[in-house]
Amino acid sequence: MDMDYKKIELLLEKYWQAETSLEEEKALRDFFSNESAIPAHLLPYRAIFAYQKSYQQVGLGEEFDNRMLRLVEQKPVRMRVVSWRMRLIPLFKGAAVLAGIVLLGNLAQWTYRSSDQIDYDYDCYVDTYDDPEAALKQVSSALQIVSEGLSKSALHEPDSTVVQTVVE
Amino acid sequence: MRRWLICILFLIPFAVHAQDFVSLLMEECKADTNLHCVTISPRMMEEIASERNLVDTTLQTLIEDLRSMRLLTAVRHLPHYFRQAERVANLPKHRFEELSSSRLNEEKHRILIRRKDDRIVELVMFAQKPDQFIAVDFTGDMSLEFITRLRQVIRMEGTPD
């Protein structure tokens with residue numbers, strides 16, 4: 001046993017001189033981690049080599065490997081058959097947008113034109129007279145006014161270009 | 001985006017009511033107490049047209065073509081109201097066509113029509129006289145022949161001058 005300790009002491013001397021081989025260092029680590037009855041003068045070194053031994057056993061573990069493999073694993077490329085119909089879908093979408101714009105334009109134009117084609121909103125009309133005779137007098141008076149206006153002014157042909165006539 | 005489009009499509013049918021000239025002019029002169037408006041609605045016009053004791057047949061036939069009448073008068077700020085009326089008449093979206101116009105000393109007249117296809121649906125006259133601004137607006141189903149008949153001097157008993 002003393003012999004063994006002598007050998008360990010020699011190996012330690014070499015270790016501090018940085019002359020030990022990998023096998024010798026392994027022998028030192030094995031000794032300090034496995035030996036239960038270590039002489040008192042060698043005990044201070046135990047922590048160093050036991051730590052080295054335990055540190056060597058620290059690994060990334062299987063879970064780490066699996067995670068890395070999952071990350072680097074390439075996703076399978078799925079082949080998709082693109083039919084002509086699918087290729088034309090963007091074209092259809094564009095056509096639909098264009099049709100919508102044209103439809104809105106036509107509706108706006110129709111609304112603009114129909115302002116003359118729709119009946120007047122008579123709901124807001126409140127009769128000034130309850131008596132038809134008084135109303136008749138007012139209507140005939142108004143017709144007279146317009147008639148006079150027509151007589152005083154020159155009449156344009158409704159289909160011709162509108163030109164203001166000035167009668168001096 | 002789709003919601004907006006749907007809203008617009010729903011609102012379009014509500015925006016197609018046409019307004020007569022006097023209504024447009026009164027809208028321009030909101031809350032103006034100088035203006036006096038007389039309204040004869042289609043219901044009253046029908047009643048008048050069905051009056052049996054109308055002596056003047058020309059008047060009778062003219063009234064039969066009318067649906068409503070509005071008469072707007074003012075005795076102050078006459079040039080202002082005439083200008084406003086001209087502004088409304090010239091708005092392109094209402095598409096009033098000028099039928100005739102005159103200017104005699106201090107008197108100015110303009111007569112406009114609004115057409116639906118080949119029929120006249122509105123006849124408007126507005127004038128600036130020395131002491132009065134007047135706008136007369138008839139709606140109905142009129143023709144050029146109606147205008148010709150109207151040009152004849154209308155005189156009937158009891159008609160105020």
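Every chain is numbered from 1 and lettered A, B, ... according to where its sequence line falls, protein lines coming before strand lines. Just so you know, these numbers come straight off a predicted model, no measurement behind them. Heavy atoms only: backbone and side chains are in, while hydrogens, waters and symmetry mates are out.
Note on ring orientation: taking the six-membered ring where Trp is involved, the planes of B:Phe21 and B:Phe96 are perpendicular (angle over 60°, cut-offs 30° and 60°).
In terms of heavy-atom pairs under 4.5 Å with chain A, the best-connected choice from B:Met44, B:Met69, B:Glu107 is B:Met44. Heavy-atom pairs under 4.5 Å with chain A were tallied for B:Arg43, B:Lys108, B:Glu47, B:Glu122; the largest tally goes to B:Glu122. Chain A forms the most heavy-atom pairs under 4.5 Å with one residue out of B:Ala127, B:Ser68, B:Ser23, B:Cys37, and that residue is B:Ser68.
Both the backbone and the side chain of A:Val139 come within contact range of chain B, judged by heavy atoms closer than 4.5 Å. In this structure, the portions of B:Ile40 lying under 4.5 Å from any heavy atom of chain A include both its backbone and its side chain. Residue contact with chain A, scored on non-hydrogen atoms closer than 4.5 Å, involves the side chain of B:Val136 exclusively. Heavy atoms of B:Ile120 lying under 4.5 Å from chain A are absent altogether.
Taking the charged nitrogens against the carboxylate oxygens, B:Asp131 and B:Arg76 have no contact shorter than 4.0 Å, which rules out a salt bridge. Note on B:Glu97 versus B:Arg114: no salt bridge recorded, every NZ/NE/NH1/NH2 to OD/OE distance being 4.0 Å or above.
Here CE of B:Met142 is found 6.0 Å from CG of B:Leu66. Values are rounded to the nearest 0.5 Å.
Contacts of B:Leu78 classified as side-chain contact (heavy atoms from CB on, under 4.5 Å), with partners at least two apart in sequence or in another chain: B:Gln128, B:Phe133. Here A:Glu63 pairs with nothing under the side-chain hydrogen bond (donor to acceptor under 3.5 Å, both in side chains) rule; sequence neighbours left out.
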